[in-house]
Amino acid sequence: MMRGPSGALVLITLQWSGVKTFYIETFGCQMNAHDSEKVVGTLLSQGYQQVPTPDEAELVFYNTCSIRDKAEQKVFHRLDQFKRNGKGKTFAVLGCVAQQEGEKIFEKAPHVSLVCGSASYNKLPELLVQLETGGRRVTGLSLDTEDTFETPFARRDNPHRAYLTIIEGCDKSCAYCVVPFTRGPERSRTGESVVAEARELAKMGYTEVQLLGQNVNSYRDPSPAGWDFAALLRQVAEKSGLRRVRFTTSHPRDFVKDIVDAIDENPVLCNHVHLPVQSGSTRILDAMQRLYTREEYMKRIEWMKAATRPIAITTDIIVGFPGETEEDLEATLDLLAQVRYDAIFGFKYSRRPNTPALALDDQIPEEEKTRRLAIVLEKQRAIQIEQNAAYVGTIEDCLVEGFNKATGQWIGRTSQHKTLNFLRPGSGQDILGQYVDVRVTRAGPNSLAGECVN
Ligand code: SAM
Ligand code: SF4
């Protein structure tokens with residue numbers, strides 16, 4: 001699928017001389033996972049066949065992440081494994097490392113033939129034709145696109161919960177972050193196309209949809225309707241026929257009270273908000289160019305705590321940003337105690353190319369970052385034990401997502417995005433994908449356990 005001169009989508013049929021099998025491995029966030037679903041769907045629609053291992057594949061894709069140095073190194077380790085024994089295969093690097101490193105990848109890994117960033121995925125079929133006709137160093141690296149990668153072919157991995165992109169790219173410039181360089185400027189899809197896709201997904205049997213974007217809160221419908229994110233949430237919840245709608249990720253600066261009101265009014269909207277804070281110190285937030293103070297962030301937490309529905313709140317924390325003092329770390333620990341998050345993702349600051357923080361003095365040594373992260377995670381673990389204990393005795397509505405053969409427990413997901421493992425005695429019935437009520441009987445730091453009551 002590609003855009004013709006009129007902007008219309010046209011199908012290109014590839015006649016790849018014998019090369020029809022592909023393998024794809026995905027690194028990183030949900031945005032990457034969903035991009036891969038779209039890439040897979042596009043390739044399948046072109047007659048390619050997906051295989052489960054790179055050994056069986058003629059075309060090997062790596063959809064990469066460069067958010068931290070470790071993530072970036074993973075793809076080069078993978079490619080190294082094929083330096084000698086990759087003959088006859090074609091290697092393609094997609095995603096954030098592709099965009100960030102560009103043609104340098106051909107120097108580092110000469111057996112790579114295609115390098116393509118996410119903003120150019122709608123050109124993939126065209127780029128594959130170039131490969132087919134003998135191209136050796138094919139690139140799709142332009143970021144100046146108005147397009148979003150909308151395709152009717154996404155091949156979704158999960159049969160019950162579907163990802164749905166509403167906005168691509170990011171217009172913020174957090175001092176540590178590569179995303180604006182790897183995913184380009186913000187582009188929102190029309191509200192109408194989002195609602196139509198959500199409806200289509202409901203018709204196909206999906207019951208839960210997760211709306212995706214680097215900053216969903218700055219969503220703005222480009223059509224005359226001009227919906228903001230809260231309006232889009234209401235429309236999707238009311239018009240799609242879905243049972244659950246969730247979203248990620250929110251930037252605190254653009255998180256308005258109307259979003260909390262929409263969640264409070266409509267039970268289809270899951271009562272969980274991931275609101276990355278990064279640090280509890282206003283001084284560090286300022287250095288990070290996050291565009292809010294600790295107090296402004298806490299205001300948003302208060303809106304959620306005042307809601308009628310109990311809203312689960314999760315966050316991201318970075319420790320060891322340049323110049324972070326013991327006092328700043330204390331402020332972060334104090335924030336954890338004040339907010340009492342349901343879960344956090346903690347990261348050690350990683351220096352990234354092109355980012356403003358690269359030039360900052362006072363980098364924190366690696367072992368000190370490790371120490372700080374351990375303190376943060378330990379503090380949060382104690383909070384989660386207490387938070388989850390409060391659910392014992394409650395009955396939760398769960399989407400059944402899996403079955404653990406080893407423990408004989410079903411794996412459920414609550415609207416608040418908690419994992420609830422449960423027994424269902426006396427029934428061998430397959431309940432995957434169904435919604436059941438589960439009484440919580442035990443709680444650990446990372447999950448709940450219980451028994452099905454229906
Ligand atoms: N757009 C989201 C936001 O504004 O919060 C975040 C997207 S980013 C893919 C996910 C998380 O990775 C961030 O919230 C941040 O905690 C972490 N992260 C990003 N850059 C990082 C870096 N250079 N070092 C460590 N963690 C980083
Ligand atoms: Fe990165 Fe900040 Fe954009 Fe999130 S808002 S993707 S952290 S630049």
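Counting starts at 1 for both ligands and their atoms, following the listed order.
One finds the OH atom of Y391 at 5.0 Å from the CG atom of D342 (value rounded to the nearest 0.5 Å).
Side chains of N63 and T26: no donor on one and acceptor on the other come within 3.5 Å. For the residue pair Y176/R68, the side-chain donor-acceptor check at 3.5 Å is not satisfied. K38 and T165 form a side-chain donor-acceptor contact under 3.5 Å, judged by distance and modelled atom types alone.
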Quiz: residues 101-111 side-chain donor-acceptor pairs under 3.5 angstrom, not counting sequence neighbours:
unit_1 : atom_1 : unit_2 : atom_2 : d
E107   : OE2    : R137   : NH1    : 3.3
H111   : NE2    : L79    : O      : 2.8

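The aromatic rings of F27 and Y62 are tilted relative to each other, their planes meeting at an angle between 30° and 60°. Aromatic ring orientation, Y292 versus H251: perpendicular (interplanar angle above 60°, classes split at 30° and 60°).
Annotation: protein N, O or S atoms under 2.8 Å of atom 1 (Fe) of ligand 2 (waters excluded) comprise C177 SG.
The immediate protein surroundings of ligand 1, defined as residues with any heavy atom under 4.0 Å of it, consist of I67, R68, Y176, Q214, T249, H251, P276, Q278, R290, D316, I318, F347, K348, Y349, S350, R352.
Put simply, the side chain of Y349 never gets that close to the backbone of Q363: no donor and acceptor are under 3.5 Å apart.
Residue K172 places its NZ atom among more than 12 non-hydrogen atoms of other residues, nucleotides or ligands, all under 6.0 Å distant.
Judged as a salt bridge (charged side-chain N to carboxylate O under 4.0 Å, His left out), not a single pair has a partner in residues 308-317 (not counting sequence neighbours).
Applying the 4.0 Å criterion to heavy atoms of R290 picks out, from ligand 2, the atoms 2 (Fe), 7 (S). Short contacts between ligand 2 and H251, defined as distances under 4.0 Å to a heavy atom of the residue, involve ligand atoms 5 (S).
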